[in-house]
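None of the values given here were measured: they were computed from a predicted structure.
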Amino acid sequence: QHIVDSGDLTPRIRAYCYTAIGECIKGFGTNLYQGIAYLNHAIDLLGDIPNSTEPLMSNYNLLSHASLYNPHISQADLFALNCKWGTLIHNEYPPLNRRFPHSPIPQRRLRIGYISRDFYSQAAAFFTNVFFTEYDKEQFEIFCYSDVSHPDKVTAFYEELVDHWRTIRDVTINKIVDGIWQDQIDILMDPGAGTTSTLRCILPFAYKPAPIQITLSPTSTGLKTMDYRVTDYYQDPLGEPSYSTEQLLYMPDSFICYTPPVDTPEVTEPPFKKNGYITFGFFSHPLKINEQIIQLWSQILHAIPHSKLILK
C-alpha cells in the first residue's frame, strides 16, 4: 500500500495495483467494503487515462460482482453501475447489424448456444446441469462455447451430452462472434448467472451475433443487446420498479434449478435426534457474510435453544 501511494508509480500501474489489492481483499473475504473501495480507486484513475477502456470495463465487471454482496447498495444504484458498464461495452463493441443467415425452415431444430467459463467442477455447475441433461433433442440443437481454463471430468461430461462443443479459451472476441454467427445460433444464452461471467464471455453479446440473447444474471447486464433476463417473483417482485435493460422472463417458481451431484449420499436420520440439538451449517465463501447475516444468524440461534452453527 505504501509503495502504491508513494507517487513513484504511473497512474496506470497504480490503477492496476489497486485492482489487484481490491480483488485479493475481496477474494479472501476479509473486508468487502475495503475491496470495493480499491476497485473504485482503480476506476477513478483509469477514467482519466487515455486508451484504458479494456481495464475500465474489467474493473466495472469486478465492481458489479462485488456489489452483489453489499447489503447497503440499493437496486437503483446497482442498476446504474451495470448501465455504466454496459455503456462502456457498447461504445467499444457496437452491434454488427448483420443479416442473420438462419434457415427459414420452420420444422428445423432451434440452435441454442451457451457461452461460459463454468463448464467444470464448481458450484455453478449444479445449476446448469439441466440445460444439457433435460433438453428435447428433437426440438433443440445445443452448442457450447467453453472458456474453461482447466477442463475436468465435468467438462468432459458436458461435452458428451451436447451436439457441438467449441473451445474458445485462446480465441479472440471477433473470432468467437464470427463462429457464433456462422453456427447460425437462434438463441444465445449467458448461463453464468452474471456473478461468474467473465468479460470475455459477456463481450460477444454486445455484438448481437444471435437474433435472441438471454441471460440468467440475478441483476441487469446493462446491455441493450441482451433481450431477456430469466428471473422469478422472488428476485423481481411484480409491482416493484424493474431495474433491467432486458425484458424479464418469469419462471413459475424459481429461476434457479439445483441438481445434486450424482455421488450424493442417501439422506439419513437427522443428527439432532442423536445430538439433542439442531446444527446449522454455512459452507460458502466468507464474502457472503455481512453484519445483517450475522444478526439474522444470532436471532435464529437465540430462538432455538442449544443450537449450533458450523462455518466452513
Side-chain angles (χ1 to χ4, degrees), residues 1-7 9 11-49 52-89 117-118 122-124 192-199 202 217-222 234-236 240-241 243-244 256 280-302 309-312:
Q1 177 66 56
H2 175 71
I3 295 174
V4 175
D5 293 335
S6 65
L9 303 176
R12 186 181 297 275
I13 298 300
R14 285 179 61 204
Y16 292 165
C17 289
Y18 282 140
T19 300
I21 294 171
E23 277 298 280
C24 284
I25 293 173
K26 182 169 71 71
F28 287 117
T30 53
N31 191 322
L32 171 65
Y33 308 116
Q34 189 178 24
I36 287 176
Y38 276 110
L39 292 175
N40 276 313
H41 285 327
I43 287 173
D44 290 340
L45 283 172
L46 291 167
D48 295 327
I49 301 173
S52 297
T53 304
E54 290 286 342
L56 194 57
M57 287 190 298
S58 178
N59 272 271
Y60 268 112
N61 186 22
L62 297 173
L63 181 60
S64 177
H65 176 258
S67 297
L68 288 172
Y69 304 106
N70 182 359
H72 302 297
I73 192 170
S74 68
Q75 290 278 30
D77 287 342
L78 182 58
F79 179 56
L81 172 63
N82 291 338
C83 286
K84 286 182 181 179
W85 182 47
T87 300
L88 273 173
I89 292 175
R117 69 168 186 176
D118 294 331
Q122 43 79 49
T195 61
T196 56
S197 294
T198 61
L199 194 59
I202 286 295
S217 171
T219 60
S220 178
T221 61
Y234 305 102
Q235 183 70 28
D236 292 275
E240 294 190 6
Y243 296 106
S244 184
I256 297 175
F280 296 97
F282 175 81
F283 305 149
S284 193
H285 198 290
L287 187 65
K288 300 178 181 179
I289 302 176
N290 57 57
E291 58 270 27
Q292 294 183 7
I293 294 293
I294 293 174
Q295 289 175 6
L296 180 59
W297 286 346
S298 176
Q299 293 173 14
I300 294 173
L301 293 175
H302 279 92
L309 172 63
I310 295 178
L311 304 180
K312 185 176 180 181

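Residue pairs meeting the salt bridge (Lys or Arg N to Asp or Glu O under 4.0 Å) criterion with at least one partner in residues 15-33, sequence neighbours excluded, are E23-K26. The salt bridge (Lys or Arg N to Asp or Glu O under 4.0 Å) pairs that include a residue from residues 27-42 number zero, where partners must be two or more places apart or lie in different chains.
Remark: Q235 CD to S217 OG distance equals 8.5 Å, nearest 0.5 Å. Taken from OG in S67 to CG in N40, the straight-line distance is 7.5 Å, to the nearest 0.5 Å. The CD atom of Q75 sits 10.5 Å away from atom OG of S220, with the distance rounded to the nearest 0.5 Å. Rounded to the nearest 0.5 Å, atoms CG (L309) and CD1 (I300) are 9.0 Å apart. Note that CG of L62 is 9.5 Å distant from CH2 of W85, once rounded to the nearest 0.5 Å. Taken from NZ in K84 to CD1 in I89, the straight-line distance is 14.5 Å, to the nearest 0.5 Å.
Listed by chain and number, the residues in a side-chain hydrogen bond (donor to acceptor under 3.5 Å, both in side chains) with D44 amount to none (sequence neighbours excluded). Under the side-chain hydrogen bond (donor to acceptor under 3.5 Å, both in side chains) criterion, S52 pairs with R12, sequence neighbours left out. Scored by the side-chain hydrogen bond (donor to acceptor under 3.5 Å, both in side chains) test, S58 finds no partners at all (sequence neighbours excluded). For S64, the side-chain hydrogen bond (donor to acceptor under 3.5 Å, both in side chains) partners are N82, not counting sequence neighbours.
Defined by atom type and a distance below 3.5 Å, a donor-acceptor pair is present between the side-chain atoms of D77 and S74.
In this structure, the ring of H285 has its center no less than 6.0 angstrom from the ring center of Y69. Aromatic rings of W297 and F280 (six-membered ring for Trp) have centroids beyond the 6.0 Å cut-off, not under it.
Looking at T87, its side chain does come within 3.5 Å of a backbone N or O of C83 through a donor-acceptor pair. Side-chain atoms of N59 come within 3.5 Å of backbone atoms of P55 as a donor-acceptor pair (strictly under, hydrogens ignored).
Contact check for K312 versus F282: no side-chain heavy atoms found under the 4.5 Å cut-off.
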Criterion side chain to side chain contact (heavy atoms under 4.5 Å, CB included) on I36 and N70, from CA distance to verdict: CA-CA 9 Å; I36 287 176; N70 182 359; 4.2 Å; yes
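When every heavy atom of Q122 is checked against every heavy atom of D118, the shortest pair comes out as NE2-O, 2.9 Å. The minimum heavy-atom distance between A42 and T19, with the atom names listed, is CB-OG1, 3.3 Å. Summarising the geometry of L63 relative to L81, their closest heavy-atom pair is CD2-CD1, 3.7 Å, with the distance given to 0.1 Å. In plain terms, the two heavy atoms of L32 and L287 that are nearest each other are CD1-CD1, 3.4 Å. Scanning both residues, I43 and L56, for their nearest heavy atoms gives O-CD1, 3.7 Å. Closest approach of L45 to P11, counting heavy atoms only: CD1-O, 3.9 Å.
With a 6.0 Å radius and a threshold of 12 heavy atoms from other residues, nucleotides or ligands, Y234 has its OH atom at or below the threshold. Residue H72 qualifies as enclosed at atom NE2: its count of foreign heavy atoms under 6.0 Å is above 12.
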